[in-house]
Amino acid sequence: MVKENLEEVRKRILNACKRAGRNPEEVTLIAVSKTKPADMITEAYSSGVRDFGENKVQELTEKCLILPEDIRWHMIGHLQRNKVKQVVDKAALIHSVDSLRLAEQIEEEAAKKNMAADILLEVNVAEEESKYGFKLEDTETAIREIATFPHVKIKGLMTIAPFVENPEENRPIFKKLNQFYVDMQRKNIDNVNMTVLSMGMTGDYEVAIEEGATLVRVGTGIFGTRYYMNT
Ligand SMILES: *Cc1c(COP(=O)(O)O)cnc(C)c1O
């Protein structure tokens, strides 16, 4: 089932690129494997997926231990500062940097490990109360501050758009973040190399690609519905 779903998602990505006149090589699919077992991840891996997304530190580190080494693990969920230590050298990219304090913690732990951590700033474009992330109007200030941290590399921006019935409703959100992203690229801030725009999930990734996404995070569309245990 995973294989067939992947074929469908890839086809849709290609079509969205075609509609937008974009080179499909600009868009990378992240298979969001949270709550899903290793054998399903292996199935996606066998179909060529190398980028997987997890939203919990423990789950990411456990899967990282048992699955192939060439997988790039993306930390996409809210990250608590006391867990940075465990994930900073396991995640290829941390998408969910939503505060200066978190970025400072990443700087500290990356320095200890003598590495540079690649991050995205999470932007709460729709200003939803329930969501983490910088307000768009505060993001440039945050970028300029974090850009001075020697062990943190800002690669771009991430957003989680609202849950909507019709993905077209999220087009203005994606458009707005892309405009800001391009604006930041033009400002050429030292130590910032903005090349990543992470937006779009199962319900809206095609619209996100049309509006400039370079990373799309698709879970349900590949692995099916998630079931959560009551723990
Ligand atoms: C779970 C999750 C996704 C994937 O959601 P689907 O709707 O299943 O594709 C994408 N991004 C983030 C941040 C998530 O937590």
Side-chain angles (χ1 to χ4, degrees), residues 1-13 16 27-37 40-41 43-44 47 49-61 63 71-80 83 87 90-99 102 118-134 139 155-171 173-174 177-178 196-229:
M1 184 194 75
V2 168
K3 189 166 174 281
E4 289 74 21
N5 288 346
L6 265 170
E7 278 169 17
E8 175 68 19
V9 171
R10 284 181 170 137
K11 192 177 78 195
R12 287 176 183 231
I13 290 174
V27 181
T28 300
L29 170 64
I30 299 176
V32 176
S33 48
K34 61 191 187 196
T35 79
K36 298 297 179 183
M40 287 181 94
I41 298 176
E43 200 181 337
S47 300
V49 179
R50 292 295 177 272
D51 293 86
F52 290 89
E54 291 286 338
N55 68 338
K56 297 228 157 53
V57 168
Q58 192 182 340
E59 203 175 330
L60 188 153
T61 53
K63 287 174 173 171
I71 288 180
R72 288 178 293 273
W73 293 99
H74 295 257
M75 178 61 197
I76 61 174
H78 176 63
L79 179 55
Q80 287 169 300
K83 297 197 174 153
V87 81
K90 312 278 186 321
L93 183 64
I94 302 174
H95 292 228
S96 43
V97 176
D98 53 14
S99 72
L102 175 59
D118 287 344
I119 66 155
L120 306 180
L121 265 59
E122 180 172 351
V123 186
N124 185 359
V125 183
E127 299 197 7
E128 289 179 283
E129 288 285 346
S130 59
K131 294 227 169 93
Y132 293 101
F134 292 97
T139 306
K155 294 290 174 186
L157 305 169
M158 180 271 241
T159 196
I160 304 173
F163 180 78
V164 290
E165 288 296 326
N166 178 358
E168 284 298 329
E169 290 175 52
N170 280 335
R171 190 180 293 277
I173 307 264
F174 297 141
L177 191 62
N178 187 38
V196 177
L197 189 54
S198 169
M199 56 187 197
M201 308 177 20
T202 296
D204 55 19
Y205 67 93
E206 293 157 275
V207 174
I209 289 169
E210 289 168 17
E211 297 303 332
T214 69
L215 290 184
V216 290
R217 311 177 306 264
V218 179
T220 317
I222 295 170
F223 297 111
T225 311
R226 282 181 294 274
Y227 302 96
Y228 291 94
M229 303 291 180

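Start at 1 and go down the list; that is how both ligands and their atoms are numbered.
Heavy atoms of other residues, nucleotides or ligands lying less than 6.0 angstrom from CD of E7 number more than 12. Within a 6.0 Å radius of CD in E165, no more than 12 heavy atoms belonging to other residues, nucleotides or ligands are found. Residue K83 places its NZ atom among 12 or fewer non-hydrogen atoms of other residues, nucleotides or ligands, all under 6.0 Å distant.
Under the side-chain contact (heavy atoms from CB on, under 4.5 Å) criterion, R72 pairs with R50, D51, H74, A92, sequence neighbours left out. Looking at residues two or more places apart in sequence or on another chain, you find a side-chain hydrogen bond (donor to acceptor under 3.5 Å, both in side chains) between S198 and H95, R217.
Within the structure, the salt bridge (charged side-chain N to carboxylate O under 4.0 Å, His left out) test picks out no pair touching residues 218-228 (sequence neighbours left out).
Within 4.0 Å of ligand 1, protein heavy atoms belong to V32, K34, I76, I160, M201, T202, R217, V218, G219, T220, R226, listed by chain and number.
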